[in-house]
Undergrad: 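First the structure, then my questions, so here it is.
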Amino acid sequence: GYFPEELKTGCITPIYKGGKKCEVSNYRPVCSLTPFSNFFERIIYDRMMNFIESNNILSKIKSGFRKEMSTESAIMNFIDKIDNGLDKINNTAAIFMVLRKAFDVLDHNILALKLDHYVFRGKSLELLLSFISNRKYFVC
C-alpha cells in the first residue's frame with residue numbers, strides 16, 4: 001500500500017503550443033517520471049483496464065483512455081444519438097463543457113470513493129493513492 005517518495009519526483013518540460021511565447025498559458029506542461037514509475041504506472045493501468053473491461057464497469061459510450069476508442073468514436077456515437085433523435089422527431093440538445101486542467105483539480109478523496117465503489121480496495125487502493133499523492137516536481 002505504499003509507493004516510495006523518492007520515485008515520485010517528476011521533471012516538467014514546458015511544450016510550446018502557439019501564440020505569444022512570453023505567455024505561460026501558451027505552454028503545455030509535460031511531466032516525465034522515473035523509468036521505474038513509468039513501468040509501474042503501465043502495469044497498474046493494464047491491470048486496472050483489464051479488470052474494468054472484463055467486468056463491464058464502464059458504459060460502452062465512455063471512450064477516454066480505452067483500447068480501440070477515440071475522440072472519433074465519441075463523435076460518431078454523438079452523431080448517431082442526434083440522428084436517432086431527429087428520426088424519431090424527439091427534441092435533441094447538447095451541452096459542451098471545457099474542463100481546463102481537469103486532472104490538476106481532481107479531488108483525491110472523491111477519486112478514492114469512486115475507486116472503492118468499483119471494487120479497488122484495501123492495499124491496492126492505498127498503493128494507487130500513495131502513487132499519486134505528495135508528488136514533487138521540477139521544471140527542466
Side-chain angles (χ1 to χ4, degrees):
Y2 171 78
F3 193 83
E5 299 291 323
E6 300 81 16
L7 298 174
K8 295 196 289 186
T9 300
C11 173
I12 305 279
T13 304
I15 305 296
Y16 178 65
K17 297 186 299 185
K20 293 182 180 178
K21 288 192 174 191
C22 61
E23 291 183 23
V24 174
S25 61
N26 291 331
Y27 291 83
R28 181 173 56 95
V30 175
C31 181
S32 300
L33 298 173
T34 65
F36 179 81
S37 295
N38 287 331
F39 178 68
F40 175 79
E41 184 175 354
R42 188 73 213 175
I43 289 171
I44 295 300
Y45 171 80
D46 289 344
R47 287 186 177 203
M48 288 180 77
M49 287 310 294
N50 285 338
F51 177 82
I52 288 167
E53 295 290 340
S54 65
N55 290 287
N56 294 315
I57 290 175
L58 295 178
S59 163
K60 296 289 183 212
I61 63 170
K62 302 279 187 202
S63 60
F65 305 103
R66 295 178 76 183
K67 290 179 183 172
E68 300 175 18
M69 304 281 281
S70 64
T71 52
E72 288 86 3
S73 57
I75 291 168
M76 292 304 294
N77 190 332
F78 174 69
I79 291 170
D80 285 343
K81 295 276 185 195
I82 291 173
D83 193 40
N84 288 337
L86 292 172
D87 284 346
K88 296 176 182 173
I89 311 173
N90 291 335
N91 292 331
T92 305
I95 298 173
F96 298 92
M97 295 180 2
V98 175
L99 301 174
R100 299 187 82 197
K101 299 184 180 182
F103 291 109
D104 295 344
V105 296
L106 179 66
D107 185 320
H108 289 184
N109 294 321
I110 294 172
L111 176 62
L113 290 172
K114 288 281 190 183
L115 288 169
D116 182 77
H117 174 76
Y118 291 114
V119 196
F120 295 98
R121 299 187 178 123
K123 293 294 180 193
S124 61
L125 179 58
E126 289 175 25
L127 181 60
L128 288 169
L129 295 175
S130 175
F131 181 68
I132 64 171
S133 64
N134 300 319
R135 291 189 168 247
K136 294 178 182 151
Y137 302 96
F138 63 93
V139 177
C140 197

Undergrad: Partners of R135 by side chain to side chain donor-acceptor pair (under 3.5 Å), sequence neighbours excluded?
TA: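 Per chain and number, R135 pairs via side chain to side chain donor-acceptor pair (under 3.5 Å) with no residue.
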Undergrad: Just verifying a value: how many Å separate N134 CG and E5 CD, rounded to the nearest 0.5 Å?
TA: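 Going from CG on N134 over to CD on E5, the span is 5.5 Å.
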Undergrad: Do other residues, nucleotides or ligands put more than 12 heavy atoms under 6.0 Å from F39 CZ?
TA: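 No - once you tally the heavy atoms of other residues, nucleotides and ligands closer than 6.0 Å, there are 12 at most.
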Undergrad: Does a side-chain heavy-atom distance below 4.5 Å link Y137 with C11?
TA: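 Y137 vs C11: side chains apart.
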Undergrad: With a 4.5 Å limit on heavy-atom distance, are the side chains of L127 and F40 in contact?
TA: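 Of all side-chain heavy-atom pairs linking F40 with L127, at least one is under 4.5 Å.
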Undergrad: Only counting residues at least two apart or in another chain, list the ones meeting side-chain contact (heavy atoms from CB on, under 4.5 Å) with P14.
TA: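 For P14, the residues satisfying side-chain contact (heavy atoms from CB on, under 4.5 Å) (neighbours in sequence not counted) are Y27, V139.
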Undergrad: Can you give each donor-acceptor pair under 3.5 Å made by side-chain atoms of residues 80-97, sequence neighbours left out, with the distance rounded to 0.1 Å?
TA:
from : atom 1 : to  : atom 2 : distance (Å)
N84  : ND2    : D80 : O      : 3.3
T92  : OG1    : N90 : O      : 3.4

Undergrad: Does I57 reach the side chain of M48, with side-chain heavy atoms less than 4.5 Å apart?
TA: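 Heavy-atom side-chain distance check fails, nothing below 4.5 Å.
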Undergrad: Hey, any chance L115 and V119 share a hydrophobic cluster, counting ILVMFWY side chains that come within less than 4.5 Å of each other, even indirectly?
TA: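 L115 clusters together with V119.
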Undergrad: Between L111 and L113, is there shared hydrophobic-cluster membership here, with clusters defined by ILVMFWY side-chain heavy atoms closer than 4.5 Å?
TA: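 Different clusters: L111 never reaches L113 through Ile, Leu, Val, Met, Phe, Trp or Tyr contacts under 4.5 Å.
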Undergrad: Do you reckon V30 sits in the same ILVMFWY cluster as L106, going by side-chain contacts under 4.5 Å, direct or chained?
TA: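 Hydrophobic grouping puts V30 apart from L106.
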Undergrad: Write out all pairs satisfying salt bridge (Lys or Arg N to Asp or Glu O under 4.0 Å) with one or both partners inside residues 19-47, taking only residues at least two apart or from two chains.
TA: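 Listed by first then second residue: R42-D46.
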Undergrad: G10 and C31: which non-hydrogen atoms are nearest, and at how many Å?
TA: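 Heavy atoms only, the tightest pair is CA-SG, 3.7 Å.
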Undergrad: Can a donor-acceptor pair be found, under 3.5 Å and without considering hydrogens, that links the side chain of S124 to the backbone of F120?
TA: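 A pair under 3.5 Å: no.
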Undergrad: On the 0 to 90° scale, with breaks at 30° and 60°, tag the F131-F3 ring pair as parallel, tilted or perpendicular.
TA: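 Plane angle over 60°, so perpendicular.
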Undergrad: Is any side-chain heavy atom of N55 closer than 4.5 Å to a side-chain heavy atom of Y118?
TA: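 A side-chain contact under 4.5 Å is absent here.
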Undergrad: Are S25 and K17 close enough that some pair of their side-chain heavy atoms sits under 4.5 Å apart?
TA: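 Answer no - side chains too far apart.
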Undergrad: The criterion is side chain to side chain donor-acceptor pair (under 3.5 Å); which residues satisfy it with T34, sequence neighbours excluded?
TA: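 Here the qualifying residues are S37.
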Undergrad: Looking only at heavy atoms, what is the nearest atom pair of N26 and G19, with distance?
TA: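 So the minimum-distance heavy-atom pair works out to ND2-C, 3.6 Å.
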Undergrad: With sequence neighbours left out, which residue pairs that include part of residues 118-133 fulfil the salt bridge (Lys or Arg N to Asp or Glu O under 4.0 Å) condition?
TA: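 Sorted result for residues 118-133: D116-R121, K123-E126.
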Undergrad: Mind checking whether L129 and L7 sit in one hydrophobic cluster, side chains of I, L, V, M, F, W, Y counted as touching below 4.5 Å?
TA: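 The answer is yes; both residues are in one hydrophobic cluster.
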